[in-house]
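So you know, we letter chains A, B, ... as the sequences are listed, proteins then strands, and number each from 1.
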There are 2 protein chains.
Amino acid sequence: MSKGRASIRDVARESGVSLTTVSLILNKGDERISDSTRQRVLSAIEKLQYRPSRLARGLPNNRSRTLAVLIPALQHAFADPYFGEIISGIYDYAADHDYRIMLEVARRDFIRRKQYDILIEECSVDGILFIGATEEHRFLAEFDGSDKPFIVVNNHFQQWKLRTVLCDYAVAGRLAADHLVELGHRRVGHISGPAAQVLTAEQVTAAFVDRLAEHGVELPDRLIVDGQFTVEMGELAMQELLTRDSELTAVFCGNDKMALGAYHACRRVGRTPGEDIAIVGCDNIPAAQMADPPLTTIHMNFYQLGTLACRTMIDLVDPVRCRRRAADEQSSDDGHNGHPESRCPRLPVSLIARGSCCEPAVGDRV
Amino acid sequence: MSKGRASIRDVARESGVSLTTVSLILNKGDERISDSTRQRVLSAIEKLQYRPSRLARGLPNNRSRTLAVLIPALQHAFADPYFGEIISGIYDYAADHDYRIMLEVARRDFIRRKQYDILIEECSVDGILFIGATEEHRFLAEFDGSDKPFIVVNNHFQQWKLRTVLCDYAVAGRLAADHLVELGHRRVGHISGPAAQVLTAEQVTAAFVDRLAEHGVELPDRLIVDGQFTVEMGELAMQELLTRDSELTAVFCGNDKMALGAYHACRRVGRTPGEDIAIVGCDNIPAAQMADPPLTTIHMNFYQLGTLACRTMIDLVDPVRCRRRAADEQSSDDGHNGHPESRCPRLPVSLIARGSCCEPAVGDRV
DNA sequence: CTGAAAGCGCTAACAT
DNA sequence: ATGTTAGCGCTTTCAG
């Protein structure tokens, strides 16, 4: 009794009930158990400063109430606002539901030794959320159609049917096209992400091109350059684009980083973004609105994406508690955007018009 | 036997030994146990694809082999290369020693509800590493002199004696002073970090000023402006500095972000960094060498800092395995920089001379 | 509405 | 060098 921290037994003794009762109160919350008993137990818990051990709690049913966030072993993955926002969303939802978040990096040996399986097998985590998966991550094949608690966040795969949560990249491409055409642009270029690696990059490009075509604007392949999602390559891509067609009046970039790189390239040849040339980005990272001029971009709610991903995962691995939660959140569809019911919900996106888009110079170009 | 995953019992049966033997092999590695038995057991493990349950393993001795990384609830803490590098270091060392990393954000209610204590009490983690602590985190008082497994990474506190691991900021300040003076600068300004919040910021400033004085160069208080560690405030600070003394030939900034902000401010008034004015940063973040001109800065090995912090923590909470590890790493002092033996080891720093420093214009200023 | 009892899978004395 | 045994702190049937 006086040794170490209080255990469930101490609480039971203190409040004059059995272990079972305490356990029941700890878990189900509602159901059985009279209010008076509950009060007694609750105050005993308070008095003894009792903290149920997660280890012991998980053992009987092999659940750790911990989720793993897996990220690729990129150089500064942790320093990326993209990952950061998603992780924040995941973390917050998890914390609110008494889940913890474990960090895992998909290093080479992590994959070779199948740590992602081990993680689950040894009950370290109840599920895995993979952010930043690309076609390079072949090991994902293993999860194809499996019922393992594995979710790919913000990418998906042609050949496999993995559980996925993502932003609506097709709409993103269309919004950009509409915006540019509305402004009067007809001579448009595009800096894409690495389409071969990332399906969403391919989709946004395809959607952009298709929508442009619907508006009667043709975007030839030679005016699409891969910017690898980085500032540096975006800059090079813009340079290339300007070489291929110096009359370009607008460019849509697959993400904000490349758009910011494009700014540099434009300036170097004396074209000012927002004045001599229109640039649209995608993602709406913090740097976008701080850029000069502020970058017009497609807003993606990565925080909410993380939230939704985490929610989907918990629904998957903890259906019991979920049902209870559902009861609590009486406000029916609360936060239920993106149709989380489907296996691949898509989060809505929107265009944020800022200063980087102008109309094409009158009579000048085109 | 056929139900669910293999347990230690299955392994014991399969290899014809007792539970103890298997357990012993799993843990101590060496010691007792004959080689033949070990082989038999090992292959049984392999054959049965046995994975010891972390939950069950931790229960008897209340150890989860998990460490928490606590970061402040800053807007984009996750998107910061500073946090990112440190976390990477922590993660890698932990992974190599079969520890997992749990993420925790010091949100208001996390602190109010003393989650940091609960984390340990409920055996979710064996220790906590706090990155980004400032004077605002008053709750740290609770750890003052306590023997809780709590380490503050890269900051320390005047009044308290918390366990700490940090870079040598005093040396950083001196290196910057030496460099600038060697180049001939005698009219120098300084953009500091928020000294009231972060003791290391105060120290680097103090060291810089003192060393300058040793060289016979005086840096009056009015030429020290707080840049709050951000690009934007750094820019404003530089602007202010230039107003207060337009003859400044050099500026030392408390971190690279502020230095990059200072670049902008200089350019706006027609002074080119590396030509008309010398700028030294601190941290050596990736953006520093990609800046134009590449930023001369004080290199801090944040990755290694993370590594050291994690090592210190594991030494603290897992002395047994540590001793065994020590035996393995026969190469005595391997990686033992910064005197990790002391309660507050300091990691060495170095100056990286790049393009942002020039000599003062001859005959022009000063 | 509550209690008794049987484990969960593993570790660590304590034998032998 | 290996086996026996008693828990670790909790959940969960199954009985009352």
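- Rounded to whole angstrom, the span from the CZ atom of B:R63 across to the P atom of C:dA12 amounts to 9 Å.
- Rounded to whole Å, the distance from CD on A:E121 to P on C:dG9 is 14 Å.
- Taking the centre of each ring, A:F150 and A:Y116 stay at or above the 6.0 Å mark.
- Nearest-nucleotide mapping onto DNA chain D: of A:R51 and B:S18, the residue sitting toward the 5' end is B:S18.
- Ranked by how close their nearest DNA chain D nucleotide is to the 5' end, B:P60 and A:G58 are led by B:P60.
- For A:N61 and D:dT11, the CG to C1' distance is 7 Å, given to the nearest whole Å.
- The base of D:dT11 lies outside donor-acceptor range of the side chain of A:T20, with no N or O pair under 3.5 Å.
- At whole-Å resolution of the value, CZ in A:R57 and C1' in D:dC8 are 16 Å apart.
- Residue contacts shown for A:V17 are limited to sugar-phosphate atoms, with no base heavy atom under 4.0 Å away.
- Residues that satisfy the side chain to side chain donor-acceptor pair (under 3.5 Å) test with B:N62, not counting sequence neighbours, are absent from this structure.
- Annotation: the terminal axes of the helix from C:dC1-D:dG16 to C:dT16-D:dA1 meet at 30°, where each axis is the rotation carrying the C1' atoms of four end pairs onto the next four (5 pairs per end, rounded to 10°).
- Straight-line distance from the CG atom of A:L24 to the P atom of D:dC14: 15 Å, rounded to whole Å.
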